[in-house]
Every structure is written in structure tokens, then in C-alpha cells.
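Accompanying notes for the structure given below.
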Amino acid sequence: MTDSIRFDDGASYERYMGVWSQLAGADFLRWLAPAPGLRWLDVGCGNGAFTELLTTHCAPAALHGIDPSVPQLEYARTRTALRDAALREGDAMALPYADSMFDAAVMPLVIFFVPQPARGVAEMARVVAAGGLVAAYAWDMHGGGFPYHVLQREMRDLGAVLPAPPTPESSRRDVMHELWRDAGLTEVESQELTVHHSFSSFDDYWATIAGWEAVSRTLATMVPEAIARLRERLRECLPEDAHGRITYSARANAVKGRVARASVVATSSTGAP
């Protein structure tokens, strides 16, 4: 049985995942191609890595973010671009917002952390106005798309017990598409996103992974010989180029849909109005 993943350090998360999130997030927003001036909700905004993209790419009329981690939200509030954003603590499965309050709701790299993904999607649909956008992107956990898939694989092969998200299957493209359909959303489309990132050296890569709390807690349970073996295996799997850099790709699945518009029944009148 694995421990749950905690998000208590916005700075270490920024180094570990923030860059990856923004790389995938930029492609995600290009795919969405939203109109400017929308009222946005970022569900699971974390330390604000993706939320910041909304301010720089989408010219939002209003921007809200919600996340269960207070430390992550505190980090998000240090971003200059988010000084006017309304960020609050809360649960993706019980959003504290009125019906039809937003024009667009997004869930970036979050759906596999939601214990009941269908409830999370239904909540996004509830708070978005008719015709509005509901969308998400998530690392393809089952297909090896997670940026640190190799690290996880090698640690498990060495007998380490790693924390895991509660619903990794919800990151599958077909499952995400079904969740959107089941929520009554229309014009549902899905897309695969592939991004590349470079580390300046193996030491840079190691410092990045070891600085993330979930990994550091697991490393603390391993004997020095196992850690040395892990470093050796990672060097073999992630070779450096002629300049000492390590470059590899990660893959995410994205989905989008629209909140159904109310049906309009046309009637004819033969008498006076």
C-alpha cells in the first residue's frame, strides 16, 4: 500500500513540476484557443504554475483558483502575475462557487488526484455557464507519460514503495473522454500533448528529484547502496549529450467540452400576443 502524495512545499514543487506544467500548459492553451476576456476557474491551481499562464495568454476578465494545499496557495500568491487572482482553499469535488459563475473551468494535472473524478468534472460543469468551456490535461500515468516515469520505474525495481495518486486510471485519454461525456458536456474532444525539457546536467536532474518531498521521503527509506545503484541506473537510462545535458519528453492527455445550452422551443402564434 502506498502513502498519499502531499503538496506542502510550493518552491520544491516549482522546480520539480512547475516547468513541466507550464510546457504542457502552453500547448494545452494553444489547443483550446480560448477567446479573451473570459471568467476563469483553475481547479487544483497548486502553486500557480498554470494559473500564471492564464494571465499571460488569455487576458481573463476574472481569475479564480482553488486548491486543498495552503502552502501551495501561499506560494502562488507570491507570483506577481497573480496579484489580482482570487485564490482560495477548497475541494475539487465540492466547489464553493455559484452555478454558472464562470465561462471556463480547467483542471491542470489534477484529475488523478481527485478521489471521485466524475464528481470533480460534474462540479466544473455546474459552475460554468451554458456554452462555456470545461477542460483538463493530465500526465498519461498508465502510458508512461509522467515526466519522472523512469525514476519511478527504477525506484520500484529496487523495492522502494512510492506514494501514488488515488485515481491514476483517470488520466487515460479514453477515460477522460468518457468522464466528459458522462457529465453531459457537448463537443467533447481529446488530444495528446508531448513536451520536452532539458536539465543542465545529471546533478541538476538529481537535485530536482531529490528536492521534491515525495521523492526525498522515499529516498530516506533506502540504504546508501540502493541509492548509489539508483543513480547508476538513472545515468544509464537518461544519458547526457555532448554538453552534459539530459533531455527527454513527457506526454499528457487533454480533453475539452462545452456546457450544454438550454433547448429553445420555437412556437407559432395565430392570435394576438
Side-chain angles (χ1 to χ4, degrees), residues 5-30 46-53 56-57 72 75-76 78-81 108-109 112 137-165 168 171 192-254:
I5 298 174
R6 298 199 307 267
F7 298 95
D8 298 327
D9 187 336
S12 67
Y13 181 88
E14 179 70 6
R15 182 172 183 181
Y16 180 77
M17 188 56 67
V19 173
W20 288 105
S21 175
Q22 292 194 330
L23 286 170
D27 281 356
F28 175 65
L29 287 175
R30 280 191 286 271
N47 77 346
F50 177 79
T51 326
E52 187 173 65
L53 291 180
T56 57
H57 288 67
Q72 290 277 72
Y75 186 93
T78 69
R79 296 178 185 269
T80 302
L109 304 181
F112 37 62
Y137 67 99
W139 301 122
D140 184 358
M141 305 298 284
H142 276 272
F146 182 58
Y148 301 102
H149 166 72
V150 171
L151 168 69
Q152 292 185 335
R153 183 191 68 202
E154 296 302 324
M155 293 182 80
R156 289 193 177 100
D157 284 351
L158 290 169
V161 178
L162 301 174
S171 68
E192 185 179 285
L193 309 172
T194 300
V195 295
H196 305 268
H197 177 47
S198 294
F199 296 85
S200 63
S201 64
F202 181 82
D203 288 341
D204 178 30
Y205 173 83
W206 183 262
T208 298
I209 61 175
W212 173 235
E213 54 193 325
V215 176
S216 64
R217 289 200 310 270
T218 304
L219 290 174
T221 69
M222 301 171 64
V223 298
E225 293 79 9
I227 295 176
R229 178 58 179 151
L230 174 63
R231 288 175 62 95
E232 178 184 340
R233 290 169 67 160
L234 288 173
R235 283 185 181 275
E236 294 172 357
C237 296
L238 303 169
E240 298 174 337
D241 65 15
H243 302 284
R245 295 172 302 203
I246 292 174
T247 302
Y248 61 91
S249 63
R251 187 177 63 260
N253 293 320

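Residue indices begin at 1 and follow the sequence shown. Heavy atoms only: backbone and side chains are in, while hydrogens, waters and symmetry mates are out.
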Side-chain atoms of residues 230-237: list all donor-acceptor pairs with protein atoms under 3.5 Å, sequence neighbours left out, distances to 0.1 Å.
unit_1 : atom_1 : unit_2 : atom_2 : d
E232   : OE2    : R229   : NH1    : 3.0
R233   : NE     : E154   : OE1    : 2.6
R233   : NH2    : E154   : OE1    : 2.8
R233   : NH2    : D157   : OD2    : 3.4

(message) Whether the side chain of D140 engages the backbone of N253 through a donor-acceptor N/O pair (distance < 3.5 Å, no angle test) should be reported.
(response) no

(message) I'd like to check the salt bridge (Lys or Arg N to Asp or Glu O under 4.0 Å) partners of R153; sequence neighbours left out, ordered by chain and number.
(response) none

(request) Using a 4.5 Å cut-off on heavy atoms from C-beta on, say whether the side chain of E225 contacts that of L158. (result) no

(message) Ignoring hydrogens, what is the shortest heavy-atom contact between A81 and E52? Give both atom names and the distance.
(response) CB-CG, 3.8 Å

(message) Keeping S198 on the side-chain end and R245 on the backbone end, is there a donor-acceptor pair under 3.5 Å?
(response) no

(message) Can a donor-acceptor pair be found, under 3.5 Å and without considering hydrogens, that links the side chain of R251 to the backbone of G143?
(response) yes

(request) Find the distance between OG (S216) and OH (Y16) and round it off to the nearest 0.5 Å. (result) 10.5 Å

(message) For P168 versus H142, what's the shortest heavy-atom pair and its separation?
(response) O-CD2, 3.6 Å

(request) Nearest 0.5 Å please: distance from the CD atom of Q152 over to the CE atom of M141. (result) 5.5 Å

(message) Here's a test for you: under side-chain contact (heavy atoms from CB on, under 4.5 Å), which of W20, W212, W139 qualifies with Y148?
(response) W20

(message) Could you check whether any side-chain heavy atom of F146 comes within less than 4.5 Å of a side-chain heavy atom of F112, counting everything from C-beta outward?
(response) no

(request) Find the distance between CD1 (I227) and CE (M222) and round it off to the nearest 0.5 Å. (result) 5.5 Å

(request) Would you indicate whether the side-chain heavy atoms of W206 and F199 approach each other to under 4.5 Å? (result) no

(message) Within this structure, what is the OG1-CG distance for the pair T194 and L23, rounded to the nearest 0.5 Å?
(response) 12.0 Å

(request) To the nearest 0.5 angstrom, please state how far the OG1 atom of T221 sits from the CE atom of M155. (result) 7.0 Å

(message) Minimum heavy-atom separation for P163 and R217, please, with both atom names.
(response) CG-NH2, 4.5 Å

(request) Please confirm whether F50 and Y137 have ring centers closer than 6.0 angstrom. (result) yes

(message) With a 4.5 Å cut-off on side-chain heavy atoms, are L29 and L53 touching?
(response) yes

(request) Would you give the length of the straight line joining atom OG1 of T208 to atom CE of M17, rounded to the nearest 0.5 angstrom? (result) 11.0 Å

